[in-house]
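Since the structure comes first, as structure tokens, the remarks are kept for the end.
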Amino acid sequence: MSHRVTGWRCAVCGATRDIADPAPWRCPNSTLGDRRHLLVRVEGDPIPATGDASSFVAHDGDLAWAAFAASRGLDSDGRRRLFAELDDAVAQVGGVHFVTTPLSRSNGLSDALGFGAEGGVWVKDETGGVAGSHKARHLLSIVLHLRALEETGGLPHRPPLAIASCGNAAVAASTLARAADWPIDVFVPTWMDDAMGGLLEHLGASIHRCVRRDDDPAGDPAMLRFREAVESGSVPFTVQGPENTLCLDSGRTIAWEAVVQMEAQSGRSFDAVFIQVGGGAFVSCVGSVLAEQPEPPTMHAVQAEGC
């Protein structure tokens with residue numbers, strides 16, 4: 001199979017990384033003092049999806065981690081095996097496989113907003129997915145990239161994964177790390193909820209409560225400690241694109257699924273998409289897919305008041 005992604009280019013400064021780079025996390029010009037860089041995929045035309053039920057397998061030709069694995073000689077059967085092994089391990093940890101999540105019309109909301117039968121509001125529900133949110137999708141490419149590197153002899157030892165989060169991203173990261181039997185350090189604020197701490201400990205994460213130091217620059221102390229860990233050799237296991245661009249890879253499966261589901265259910269494409277935003281990885285992934293549709297929908301980025 002051919003692969004769409006051929007490399008990486010920084011959207012800010014134009015620096016490049018090869019698709020065979022074992023650690024393509026950030027722009028080579030990104031520093032601790034300047035993270036205003038973002039690697040984006042250098043791509044050819046989209047590769048038609050296969051008929052596989054899993055969007056992670058069906059879109060093998062479009063995924064950057066798969067192109068990297070292929071550059072190291074791992075064929076399609078080998079890539080399928082890596083995904084299947086990790087997927088089975090994830091299900092053992094959390095009871096859920098990486099599956100296509102439902103998209104359905106919200107009749108109550110559609111009626112309340114005055115839509116007729118031919119229109120309405122559809123909702124893509126990720127709460128039944130791995131770790132209860134969409135965050136695990138973003139992190140999957142990073143784990144599979146590491147496993148492909150390890151499988152082909154390019155990773156003699158497992159460096160720890162690192163993330164700064166005390167929410168859904170931390171749960172997703174710790175779930176995948178537990179499934180892959182990979183060490184993970186989670187950097188959290190001092191005020192993290194005890195129940196969240198108990199869940200992360202149950203998943204085997206090493207938790208680091210981060211106080212502000214007198215000599216700290218401005219910014220979140222947990223993020224500062226996370227970045228220091230990465231500079232010391234940890235893998236940035238995060239859903240923030242400037243910290244690890246691979247989180248913008250497999251997160252696109254949400255949109256690939258939704259496009260097919262919408263067409264099957266309504267015979268139409270989306271007119272407008274409303275999507276919650278935090279750091280921006282979710283809307284970046286969905287937007288990059290929808291922008292390639294024959295009639296791209298209007299995108300609305302939303303968040304709760306006071307967020």
Side-chain angles (χ1 to χ4, degrees), residues 1-30 36-52 54-76 78-80 82-83 98 134 137-149 236 238-260 263 269-270 273 275 279-297 299 301:
M1 171 183 284
S2 59
H3 288 271
R4 181 183 187 185
V5 185
T6 59
W8 306 96
R9 177 184 57 80
C10 181
V12 177
C13 70
T16 61
R17 284 192 183 277
D18 192 88
I19 192 60
D21 192 322
W25 324 135
R26 301 190 310 275
C27 169
N29 293 325
S30 174
R36 293 172 294 181
H37 294 261
L38 177 66
L39 290 178
V40 295
R41 297 174 301 276
V42 177
E43 300 176 314
D45 294 330
I47 304 296
T50 68
D52 292 271
S54 168
S55 56
F56 298 95
V57 177
H59 289 277
D60 179 86
D62 274 315
L63 291 168
W65 89 266
F68 166 76
S71 77
R72 296 189 63 86
L74 203 60
D75 63 15
S76 59
R79 297 192 299 274
R80 285 172 180 264
L82 283 187
F83 170 75
F98 279 102
H134 63 90
R137 290 184 184 254
H138 296 280
L139 296 166
L140 184 61
S141 271
I142 304 174
V143 181
L144 290 173
H145 179 101
L146 291 170
R147 284 289 294 116
L149 183 61
T238 175
V239 295
Q240 297 163 309
E243 304 294 341
N244 192 328
T245 188
L246 275 175
C247 77
L248 305 180
D249 185 36
S250 50
R252 294 177 292 161
T253 53
I254 301 169
W256 285 324
E257 291 173 6
V259 167
V260 172
E263 175 65 28
S269 57
F270 293 103
V273 173
I275 187 166
F282 192 10
V283 71
S284 295
C285 287
V286 173
S288 66
V289 172
L290 296 182
E292 295 180 338
Q293 300 307 301
E295 296 183 6
M299 295 285 293

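Relative ring orientation between His138 and Phe282 is described as perpendicular, the plane-to-plane angle rising above 60° on a 0-90° scale split at 30° and 60°.
The two residues Pro24 and Trp8 have their closest heavy-atom pair at CB-NE1, 3.7 Å. Residues Trp25 and Pro236 share a closest heavy-atom pair of CD1-CD, 3.5 Å. Taking all atoms of both residues into account, the shortest heavy-atom contact from Val40 to Ala11 is CG1-CB, 4.1 Å. Smallest separation of non-hydrogen atoms from Arg137 and Thr253: NH1-OG1, 2.8 Å. When every heavy atom of Cys247 is checked against every heavy atom of Gly241, the shortest pair comes out as SG-N, 3.6 Å. Taking both residues in full, the closest heavy atoms of Thr6 and Ile19 are given as O-CB, 3.5 Å, listed atom of the first, atom of the second, then distance.
Taking the side chain as every heavy atom from C-beta outward, Leu290 and Pro296 never approach each other to under 4.5 Å. Looking only at side-chain heavy atoms (C-beta outward), His134 and Val239 stay at 4.5 Å or farther from each other. Under the 4.5 Å side-chain criterion, counting only non-hydrogen atoms from C-beta, Leu140 is not in contact with Trp65. Looking at heavy atoms from C-beta onward, Leu149 lies in side-chain contact with Arg72 at the 4.5 angstrom threshold. Between Val12 and Arg36, the closest side-chain pair of non-hydrogen atoms is not below 4.5 Å.
The CG atom of Leu63 sits 9.5 Å away from the NE2 atom of His3 when rounded to the nearest 0.5 Å. Atom CG of Leu38 is separated from atom CZ of Arg9 by 10.0 Å, given to the nearest 0.5 angstrom. Distance CE/Met299 to CZ/Phe270: 10.5 Å, rounded to 0.5 Å.
Screening residues 238-248 for side-chain hydrogen bond (donor to acceptor under 3.5 Å, both in side chains) gives Arg35-Glu243, Arg227-Glu243, Thr238-Gln240 as the qualifying pairs, with residues at least two apart or on separate chains. Within the structure, every pair that satisfies the salt bridge (charged side-chain N to carboxylate O under 4.0 Å, His left out) test and touches residues 282-297, not counting sequence neighbours, is listed here: Arg4-Glu292.
For His59, the ring pair (Phe, Tyr, Trp, His ring centres under 6.0 Å) partners two or more places apart in sequence, or in a different chain, are Trp256. For Asp52, the salt bridge (Lys or Arg N to Asp or Glu O under 4.0 Å) partners at least two apart in sequence or on another chain are Arg80. For Arg252, the salt bridge (Lys or Arg N to Asp or Glu O under 4.0 Å) criterion is met by Glu43, Asp249, not counting sequence neighbours. Partners of Arg17 according to the salt bridge (Lys or Arg N to Asp or Glu O under 4.0 Å) rule, which considers only residues two or more places apart in sequence or in another chain, are Asp21.
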Residues Leu82, Leu74; criterion side chain to side chain contact (heavy atoms under 4.5 Å, CB included); working and verdict: CA-CA 10 Å; Leu82 283 187; Leu74 203 60; 3.4 Å; yes
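The closest donor-acceptor contact from the side chain of His37 to the backbone of Gly14 lies at 3.5 Å or more, if one exists at all. Checking side-chain atoms of Ser141 against main-chain N and O of Ser250 turns up a donor-acceptor pair under 3.5 Å. The closest donor-acceptor contact from the side chain of Arg41 to the backbone of Leu248 lies under 3.5 Å.
In the model, Gln293 has no side-chain atom that pairs as donor or acceptor with a side-chain atom of Ser269 under 3.5 Å.
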